[in-house]
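What follows is a set of notes on a single structure, which appears directly below.
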Number of protein chains: 2
Amino acid sequence: MTEQHEAPGGVSGRALQKDIPQATVARLATYLRVLAMLADDGVAIVSSEELAVAAGVNSAKLRKDLSFLGPNGVRGVGYDVAKLRSRIEDVLGLSQGHRVVLVGAGNLGRALVGYGGFQRRGFTVVGILDSDPAVIGMPVAGLVVRDVAELAAAVAELEPTIAVITVPDDAAQDVCDRLVAFGLQSILSFAPCELVAPATVEVRRVDLAVEMQMLSFERVRNAEQAPLPVAHAGSGRIAHRLPTSHPALQHSATPHTATSHTATEPSSKGSVVTP
Amino acid sequence: MTEQHEAPGGVSGRALQKDIPQATVARLATYLRVLAMLADDGVAIVSSEELAVAAGVNSAKLRKDLSFLGPNGVRGVGYDVAKLRSRIEDVLGLSQGHRVVLVGAGNLGRALVGYGGFQRRGFTVVGILDSDPAVIGMPVAGLVVRDVAELAAAVAELEPTIAVITVPDDAAQDVCDRLVAFGLQSILSFAPCELVAPATVEVRRVDLAVEMQMLSFERVRNAEQAPLPVAHAGSGRIAHRLPTSHPALQHSATPHTATSHTATEPSSKGSVVTP
DNA sequence: GCATGTGAACCCCTTCACAGCC
DNA sequence: GGCTGTGAAGGGGTTCACATGC
């Protein structure tokens, strides 16, 4: 039915981000952060090798990732930092920024409103709501906590493109349902429970306990392979290893090994219900 | 050198969690949460199908995951909830619980101390530190913020097994280096930058902006495939869809589609530096 | 000469289907 | 009969190595 000949149609071959691997999408976000740092430092051109080291991946993977966006570099030279940056922002749909509404003004919710990292990367928190009379009306980082009962009105008025759920887990599904009913299509939840939503709605979940449990397992795994790590922890004085000023691009290898396991990666897309 | 014939040796075939896929480890943590809910509800036996639905995966994947831990169920019957639960806790190294120290008492750090989800899943926050004189000495959820200058003493005294970094990104590497020097082997960082650490140290990173950017992209992708989602958001009154009481096991399929993209998945293990 | 872009091999993970066991 | 456990098939992502183009 309707075979969808992917005729790009529009002027200037824009889209075709039909099938970019999710793993790649996650890394594009990382590259973006590094590119922003480079731009701030006045770097104009960067090679795949340099960018890759700064982002903690290998250069072949980086080039493959970027190749999904079409040609973005100049052979024998490298990538134009500004151009690549705006290309990635364009593909990720970040060009016009995002308006974020937060549901749940507990510890975590209030912390996120004040978190500068969002604003810096183009996400503006435009509203925060809660059901607890004790916090409704409370000012938080320039916003006032609104009653979640006026969620419909708040959504209509603030026109958020993304919603973040930071309510207790037994309230999460309810909030999610209502957000969906009011038109939200992108939801990030911190509640440690599965959320069901229509297939057209994108729901991502961040479970902090899961992250810690994975850390826990890796320690078990490592301890099993290595015989005895001589685990004498902090005794008296230890050699500080502070400086090593990193000017964004820290080319040469460190005595350490880059081992940041960035949490990210969706799982099954589409229907998962009983077949 | 030393070919390591994996002779299980010890009594009662315990370990052999040598090569459990990381993807599986991430899901084991999820299963654990569901099993805890079931146990609270007094459920004693659960089938792979039921557990899978509750965890948002398909049953074949769940059985495959559990098979890495050895036989844990009874054919024709299902899994013993209590037994399976303690088996997974054992494999993940959660049996004795974990002591967590937090570095960075900003909005996020203080929020995490108060977050009940950790304690409930066996992670006890035993200390929080910061460098800002304005917050040092401040009481936070039963703890007092200590000076990060006494990090060595705090680590020696509190004996944490996991450290969480919630400092601004330009201080993160420094804090990480010191934690490693003081013997920490498992680190979870919320700073949006790569951290370098010895290969023996496990570093995981949670980047909230990346999660949002992935949401952003999926919206672009969906919008591209679907012609026009008729995006008339919250107008006046909308049908509330609240109740649907879920008694932990909500067997039958919902009108919705389970679409929780749980964030999780490490990337490359081991050396990533220039070869 | 040098760095990008990419086909192909490789590996990990998911999915299927069924054998095995209660 | 029913449900677990698992070999085998399939797909997605990573790595390699080189062709391509400045």
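Quick note on labels: first sequence line is chain A, next is B, and so on, each numbered from 1.
The distance between atom NZ of B:Lys61 and atom P of C:dC12, rounded to the nearest whole Å, is 18 Å. Atoms CG (B:Leu62) and P (D:dT4) sit 9 Å apart, rounded to a whole Å. If you take CG of B:Asp65 and C1' of C:dC13, they are 10 Å apart, rounded to a whole angstrom. To the nearest angstrom, P of C:dG5 lies 9 Å from CG of A:Leu84. Between the CZ atom of B:Arg27 and the C1' atom of C:dC13 there is a distance of 8 Å, given to the nearest Å. With rounding to whole Å, B:Leu69 atom CG is found 14 Å from D:dT4 atom C1'. Distance, A:Leu66 CG to C:dA3 C1': 13 Å, rounded to whole Å. Atom-to-atom, CD1 of B:Ile20 to P of C:dC12 comes out at 15 Å; the value is rounded to the nearest Å.
Under the side-chain hydrogen bond (donor to acceptor under 3.5 Å, both in side chains) criterion, A:Arg121 pairs with B:Asp207, not counting sequence neighbours. By the side chain to side chain contact (heavy atoms under 4.5 Å, CB included) test, B:Ala39 is found to be paired with B:Val81, B:Arg85, residues two or more places apart in sequence or in another chain being considered. Considering only residues two or more places apart in sequence or on other chains, A:Ser216 meets the side-chain hydrogen bond (donor to acceptor under 3.5 Å, both in side chains) condition with B:His98. In this structure A:Arg219 satisfies the side-chain hydrogen bond (donor to acceptor under 3.5 Å, both in side chains) test with no other residue, sequence neighbours excluded. Partners of A:Val74 according to the side chain to side chain contact (heavy atoms under 4.5 Å, CB included) rule, which considers only residues two or more places apart in sequence or in another chain, are A:Val77. Under the rule for a side chain to side chain contact (heavy atoms under 4.5 Å, CB included), the partners of A:Asn72 that lie at least two apart in sequence or sit in another chain are A:Leu69, A:Tyr79, A:Leu84, A:Arg87. Applying the side-chain hydrogen bond (donor to acceptor under 3.5 Å, both in side chains) rule to A:Tyr31 yields the partners A:Asp65; only residues at least two apart in sequence or on another chain are considered.
Distances shorter than 4.0 Å separate some side-chain N or O of A:Asn58 from OP1 or OP2 on D:dT15. In this model, the phosphate group of D:dC3 is not approached by any side-chain N or O of B:Ser47 to a distance below 4.0 Å at OP1 or OP2. Side-chain nitrogen and oxygen atoms of B:Gln22 include none within less than 4.0 Å of the OP1 or OP2 phosphate oxygen of C:dC12. Between B:Tyr79 and the phosphate of C:dC22, there is no side-chain N or O to OP1/OP2 separation shorter than 4.0 Å.
Sorted by first then second residue, the side-chain hydrogen bond (donor to acceptor under 3.5 Å, both in side chains) pairs that include residues 187-200 of chain B, not counting sequence neighbours, are A:Arg33-B:Glu194, B:Glu194-B:Arg205.
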With the criterion being N/O to N/O and under 3.5 Å, what pairs connect the protein with nucleotides 8-10 of chain D, and how long is each?
none

Grab the N/O contacts between the protein and nucleotides 17-22 of chain D below 3.5 Å, and write none if there aren't any.
| from | atom 1 | to | atom 2 | distance (Å) |
| --- | --- | --- | --- | --- |
| D:dT20 | O2 | A:Arg75 | NH1 | 2.3 |

Test side chain to side chain contact (heavy atoms under 4.5 Å, CB included) on A:Val164 and A:Phe190; report intermediate values, then the result. CA-CA 8 Å; A:Val164 176; A:Phe190 286 84; 3.7 Å; yes
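Side-chain contact, A:Glu202 with A:Ser186: no donor N or O sits under 3.5 Å from an acceptor N or O. A donor and an acceptor atom, one from each side chain of B:Ser95 and B:Glu89, are nowhere located under 3.5 Å apart. A:Gln173 and A:Asp177 share a side-chain donor-acceptor pair at under 3.5 Å.
Annotation: the terminal axes of the helix from C:dG1-D:dC22 to C:dC22-D:dG1 meet at 0°, where each axis is the rotation carrying the C1' atoms of four end pairs onto the next four (5 pairs per end, rounded to 10°).
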